[in-house]
Amino acid sequence: MFRALIADDEQIIREGLYNLIQTLNLQIQVVATASDGSEAIDFARKYEPELIFIDINMPTINGLEAIEQIKEVSSNSKIIIISGYSEFEYAQKAIDLGVHAYLLKPLDYKNFKQVVKKALESYSQEVLFPNILLKEDRELDIPKDISTKALHYIQDNFAQPDLSLIDIAESLNISCSYLSKIIKKQTGENFTIYVNHLRINLACELLTNRNMNYNISQISNKCGYNSLHYFSRIFKSNVGMSPNKYRERLTHDNQN
């Protein structure tokens, strides 16, 4: 069960967030709600929650100042800012503080759930999984059928943009941390890197397929990326060049 802290100066927002989190069915327990930044810091110190949902405009200590102090007492917490402020300076400060996400009110339910899922996955891979490795003095005996099912599920669904570690774990009736260990043991990579490699391999195949002749945006979508910019960045980091350059080079090589 993941612990969560809600910090907002408006009671109706705190209650609304609490109720919204309950509908996500993501094994999250709200352990405390804070009405100002000072309370948020105290509760973060007391509970060290895995998730913190926090507003910017709060009395005593505002959200951004609170986050700076929370990072000192609960450094592993995944922080999601939920604010009515869309100003660039706030978003930039949030990035500098290393928050997981910056969401604007009113919340979109589907987007909110995806952001929370990603936060839990990130926490599992960065904190839970390494801690499990440190505590164990022998390799985990992973049942072969579970391992096979997990990899087959990913290989069959990696092109789905909303594929998440949590969904896969729930379908196999195992924990996220256990699934992370399976993937790492079998592939040598964590979940996100493994999925990106599968997607980029597919992208390379589609880029070289003259019969289909998809444009870059279509290939991005078919490989599971909703953002063309993000797809191009991941492709370049894996292949060493942009998708367009990759296609141009292959065309040039084939002509020669």
Side-chain angles (χ1 to χ4, degrees), residues 1-10 12-30 33 40 49-58 63-64 66-67 70 77-126 153-154 157-171 176 179 190-193 195-196 199 217-234:
M1 184 70 72
F2 295 97
R3 295 160 298 179
L5 164 64
I6 297 172
D8 195 293
D9 62 325
E10 296 185 52
I12 190 171
I13 299 295
R14 295 196 300 272
E15 293 176 351
L17 266 177
Y18 178 91
N19 292 330
L20 181 61
I21 290 168
Q22 304 311 307
T23 69
L24 299 179
N25 296 319
L26 295 178
Q27 298 183 330
I28 300 172
Q29 177 187 7
V30 177
T33 60
E50 287 80 14
L51 287 175
I52 298 176
F53 302 92
I54 189 168
D55 187 20
I56 289 180
N57 187 22
M58 293 190 295
L64 293 176
I67 290 170
I70 287 171
S77 297
K78 293 299 175 181
I79 299 175
I80 298 174
I81 292 178
I82 300 176
S83 175
Y85 292 93
S86 60
E87 284 84 352
F88 174 76
E89 61 181 285
Y90 289 121
Q92 185 60 53
K93 179 66 173 177
I95 292 172
D96 293 341
L97 290 172
V99 303
H100 180 78
Y102 190 111
L103 302 179
L104 293 177
K105 301 173 184 176
L107 294 173
D108 174 79
Y109 179 82
K110 185 176 180 180
N111 181 57
F112 178 68
K113 185 171 184 177
Q114 288 302 315
V115 167
V116 174
K117 279 186 177 181
K118 294 296 184 184
L120 295 179
E121 287 176 13
S122 178
Y123 182 87
S124 296
Q125 292 182 23
E126 294 174 11
Y153 189 102
I154 296 172
N157 296 279
F158 69 85
Q160 299 298 321
D162 59 350
L163 180 69
S164 72
L165 192 72
I166 292 175
D167 288 338
I168 301 171
E170 288 180 349
S171 73
C176 285
L179 177 58
N190 68 34
F191 171 72
T192 301
I193 293 176
V195 170
N196 277 329
R199 289 174 171 175
S217 179
Q218 290 173 318
I219 291 174
S220 172
N221 290 330
K222 287 184 176 296
C223 293
Y225 296 103
N226 290 325
S227 167
L228 178 58
H229 175 74
Y230 182 67
F231 164 65
S232 297
R233 182 162 66 84
I234 294 297

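All residue numbers in this chain count up from 1 along the given sequence.
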*Asks:* Quick one: pull up CZ in Arg14 and CD1 in Ile12 and give me the separation to the nearest 0.5 Å.
*Replies:* 11.0 Å
*Asks:* Checking side-chain polar atoms at under 3.5 Å, does Ser122 have a donor or acceptor matched by the opposite partner on Lys78?
*Replies:* yes
*Asks:* State, with a plain yes or no, whether a side-chain heavy atom of Gln125 is found less than 4.5 Å away from one of Phe191.
*Replies:*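 The answer is yes, as the side chains (C-beta and beyond) meet within the 4.5 Å cut-off.
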*Asks:* Which value, rounded to the nearest 0.5 Å, describes the distance between Asn57 atom CG and Asp9 atom CG?
*Replies:*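 Nearest 0.5 Å value for the CG-CG distance: 6.0 Å.
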*Asks:* Any chance CD of Gln22 has more than 12 other-residue heavy atoms, nucleotides or ligands included, within less than 6.0 Å?
*Replies:*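 Correct, the count exceeds 12.
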*Asks:* Keeping to residues at least two apart or across chains, list the salt bridge (Lys or Arg N to Asp or Glu O under 4.0 Å) pairs with something in residues 158-167.
*Replies:*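 Only Lys117-Asp167 qualify under salt bridge (Lys or Arg N to Asp or Glu O under 4.0 Å).
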*Asks:* Please tell me if the side chains of Ile81 and Ile67 come closer than 4.5 Å, counting only heavy atoms from C-beta onward.
*Replies:*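 Side-chain contact under 4.5 Å: yes.
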*Asks:* Fit a plane to each ring of Tyr225 and Phe231, take the angle between them on a 0 to 90° scale, and name the class: parallel (under 30°), tilted (30 to 60°) or perpendicular (over 60°).
*Replies:* tilted
*Asks:* Mind running ring-ring contact (aromatic ring centres under 6.0 Å, His included) on Phe112 and Phe53 for me, showing each step along the way?
*Replies:* CA-CA 11 Å; Phe112 178 68; Phe53 302 92; 5.8 Å; yes
*Asks:* Working to the nearest 0.5 Å, report the span between CG of Leu103 and CD1 of Ile82.
*Replies:* 6.0 Å
*Asks:* Between Asp55 and Lys105, is there a side-chain N and carboxylate O pair less than 4.0 Å apart?
*Replies:*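 Counted as a salt bridge, because a side-chain N and a carboxylate O are separated by less than 4.0 Å.
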*Asks:* For atom OH of Tyr109, is the number of surrounding heavy atoms from other residues, nucleotides or ligands below 6.0 Å larger than 12?
*Replies:*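 Buried by this count: over 12 neighbours within 6.0 Å.
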